[in-house]
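Here's the structure we're looking at; comments come further down.
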Amino acid sequence: MMDKDSYRRIVSDRENREDNYREGVKEYYSLATPGYLSGWGTSFHFPPFHPGQTLEEAITTQQHFIAREGNFAPGMKILDAGCGVGGPAIEIAKYSGSSITGVNLVTAQLDIARDTAQRQGLGDRCSFVEGDIMDLPFENDYFDAVFSLEAICHTPNKHDAYSEIARVLKPGGTFIGTDWFCADSLDSSDYARLIDPVCRTYMLPYITSIQELEGILKSVGFAVEESRNVEDLGSMEPVWNILEGFANSEMPPGLSDRDKFSFEMLSESFAVTATAARQNAFLVGYWKSTLPEG
Ligand SMILES: C[S@@+](CC[C@H](N)C(=O)[O-])C[C@H]1O[C@@H](n2cnc3c(N)ncnc32)[C@H](O)[C@@H]1O
């Protein structure tokens with residue numbers, strides 16, 4: 001656990017976030033995980049909503065979509081890069097019959113993931129390993145497929161992160177996922193005004209546009225089949241409404257100093273994300289790519 005001032009120093013600018021990404025991410029999730037668990041459940045990603053869906057239904061629909069689009073099937077060995085507390089890995093393993101290994105920097109999240117998988121009878125097909133997307137603890141060509149939901153945004157060098165994922169994926173394998181992006185056409189002053197606050201408050205060194213994502217994926221050997229704003233798959237309006245609802249809520253009484261800091265941090269981050277999204281500067285993007293054989 002870090003003191004507030006040390007954490008504020010780490011997140012203060014891009015260079016500090018890049019240089020200290022491991023410590024920063026660990027501290028961010030030490031502060032944020034209880035709030036995410038109570039508001040979002042065991043899956044920490046922003047889903048597009050179909051008409052009439054609850055948050056839980058929208059999350060599950062999104063996970064099943066990833067499993068179907070990735071052609072995940074029984075017997076396949078799949079990596080979840082940046083697995084959080086395991087909600088997506090467990091649901092996708094259940095739905096697809098595949099075996100999933102989640103990797104994560106944060107020990108306390110891995111403990112929750114292992115415990116949840118055991119309780120749901122998925123302990124034999126879901127495993128959770130401490131490790132860094134930037135330096136994955138797996139051999140070359142180890143996985144049949146890789147997915148990642150809103151995690152690579154935390155990495156300090158997207159080229160090196162995707163390249164590391166390409167290394168552990170078998171030729172012919174699919175790499176599919178969602179992440180946080182800025183708009184393709186965003187200029188540097190709008191990036192500074194609208195995206196920097198998102199990066200600072202979620203401990204993201206920086207984020208790219210979807211256009212840049214495509215370029216990076218291709219540069220590390222992937223063939224990009226699809227990349228798009230997830231708004232094409234459903235409405236993100238309910239997500240921004242939930243974030244604004246929290247940001248406008250009163251702090252509960254009786255919190256410890258650390259819980260107050262955590263509440264203020266989440267409130268600010270949710271407010272700046274909703275603002276950036278409503279001004280079309282911020283979006284959640286989806287991609288599907290494959291590693292060509294030979
Ligand atoms: C927004 S959460 C998403 C978690 C999960 N994919 C989900 O949808 O529930 C981002 C996750 O990425 C993990 N993460 C961030 N940077 C990482 C890195 N360099 N290596 C491994 N995991 C990382 C965080 O600890 C966190 O669990």
Side-chain angles (χ1 to χ4, degrees), residues 10-11 17-37 39-48 55-56 58-67 70 78-93 100-114 116-117 126 128-138 146-165 168 175-181 198-199 201-207 230 239 243 265-266 269-270 273 282 284-286:
I10 286 184
V11 298
R17 294 193 295 271
E18 284 177 6
D19 290 348
N20 301 288
Y21 74 95
R22 286 200 182 107
E23 298 80 347
V25 163
K26 287 178 185 180
E27 183 60 13
Y28 172 75
Y29 282 102
S30 157
L31 289 160
T33 300
Y36 278 28
L37 280 169
W40 228 254
T42 56
S43 295
F44 295 175
H45 57 93
F46 291 168
L55 174 62
E56 203 184 335
I59 286 173
T60 307
T61 301
Q62 171 82 336
Q63 293 167 352
H64 292 182
F65 169 81
I66 293 288
I78 296 172
L79 174 67
D80 175 0
C83 65
V85 297
I90 292 166
E91 181 58 36
I92 289 175
I100 302 188
T101 303
V103 72
N104 192 347
L105 284 176
V106 179
T107 317
Q109 290 193 337
L110 289 163
D111 290 340
I112 297 172
R114 289 186 195 108
T116 311
C126 290
F128 297 96
V129 174
E130 191 160 336
D132 187 345
I133 295 169
M134 303 298 296
D135 183 18
L136 289 166
F138 308 106
V146 179
F147 73 91
S148 183
L149 300 174
E150 300 176 25
I152 296 168
C153 50
H154 284 292
T155 60
N157 183 315
K158 309 313 180 210
H159 176 278
D160 293 355
Y162 293 122
S163 166
E164 186 59 358
I165 285 169
V168 301
F175 171 39
I176 188 169
T178 62
D179 210 345
W180 292 10
F181 297 98
V198 174
C199 292
T201 55
Y202 288 96
M203 199 14 244
L204 316 176
Y206 67 103
I207 60 175
V230 297
V239 173
L243 297 187
M265 181 190 82
L266 290 178
S269 66
F270 294 171
T273 311
F282 171 86
V284 178
Y286 157 74

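Atoms within each ligand, like the ligands themselves, are counted from 1 in listed order.
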L149 N/O to ligand 1 N/O under 3.5 Å | yes
S43-ligand 1 polar pair, N/O distance under 3.5 Å | no
Got the closest protein heavy atom to atom 8 (O) of ligand 1, with its distance?
-> H45 CD2, 3.2 Å
Which protein non-hydrogen atom lies closest to atom 17 (C) of ligand 1, naming both residue and atom, and how far is it?
-> L105 CD1, 3.7 Å
Should you measure from each heavy atom of E150, which atoms of ligand 1 turn up under 4.0 Å away?
-> 1 (C), 2 (S), 3 (C), 10 (C)
Closest approach of E91 and T60, non-hydrogen atoms and distance?
-> OE2-CG2, 3.8 Å
Using distance alone, determine whether Q109 and ligand 1 share an N or O pair under 3.5 Å.
-> yes
Gap separating the CE atom of M265 from the OH atom of Y28, nearest 0.5 angstrom | 4.5 Å
Minimum-distance protein heavy atom relative to atom 19 (N) of ligand 1 | D132 OD1, 2.8 Å
Does an N or O anywhere in V106 fall below 3.5 Å from an N or O of ligand 1?
-> no
Heavy-atom count around E56 CD within 6.0 Å, excluding the residue itself: above 12?
-> no
So is there a nitrogen or oxygen of F44 less than 3.5 Å from a nitrogen or oxygen in ligand 1?
-> yes
Identify the protein heavy atom lying closest to atom 21 (C) of ligand 1, giving its residue, its atom name and the separation to 0.1 Å.
-> G131 O, 3.4 Å
What atoms in ligand 1 come closer than 4.0 Å to a heavy atom of P88?
-> 7 (C), 8 (O), 9 (O)
Could you check atom 2 (S) of ligand 1 against the protein and tell me its nearest heavy-atom contact, residue, atom and distance included?
-> Y29 OH, 3.2 Å
Between L110 and G102, which heavy-atom pair has the shortest distance, and what is it?
-> CD2-O, 4.5 Å
C83 touching ligand 1 at heavy-atom level, < 4.0 angstrom = yes
Can you find an N/O atom of I133 closer than 3.5 Å to an N/O atom of ligand 1?
-> yes
Which of parallel (below 30°), tilted (30 to 60°) and perpendicular (above 60°) describes F175 and Y162?
-> tilted
Roughly how far apart are T273 OG1 and W180 CH2, rounded to 0.5 Å?
-> 5.0 Å
Minimum-distance pair of heavy atoms, taken over all atoms of I66 and G177 | CD1-CA, 4.4 Å
Is it true that S148 lies under 4.0 Å from ligand 1, counting heavy atoms only?
-> no
Hey, is ligand 1 close enough to N104 that some N/O pair sits below 3.5 Å?
-> yes
Within the side chain of R17, is there an N or O that forms a donor-acceptor pair under 3.5 Å with the backbone of M203?
-> no
Return the minimal non-hydrogen interatomic distance between T33 and Q109, and the atom names on each side.
-> OG1-NE2, 3.1 Å
For L136 and E164 the tightest heavy-atom approach is N-OE2, 2.6 Å
Grab the two heavy atoms, one from I133 and one from G82, that are nearest each other, plus how far apart they are.
-> CD1-N, 3.9 Å
Could you name the option among G84, G82, A151 that has the heavy atom nearest to atom 6 (N) of ligand 1?
-> G82
Give the residue, atom name and distance (to 0.1 Å) of the protein heavy atom nearest atom 15 (C) of ligand 1.
-> H154 CB, 3.5 Å
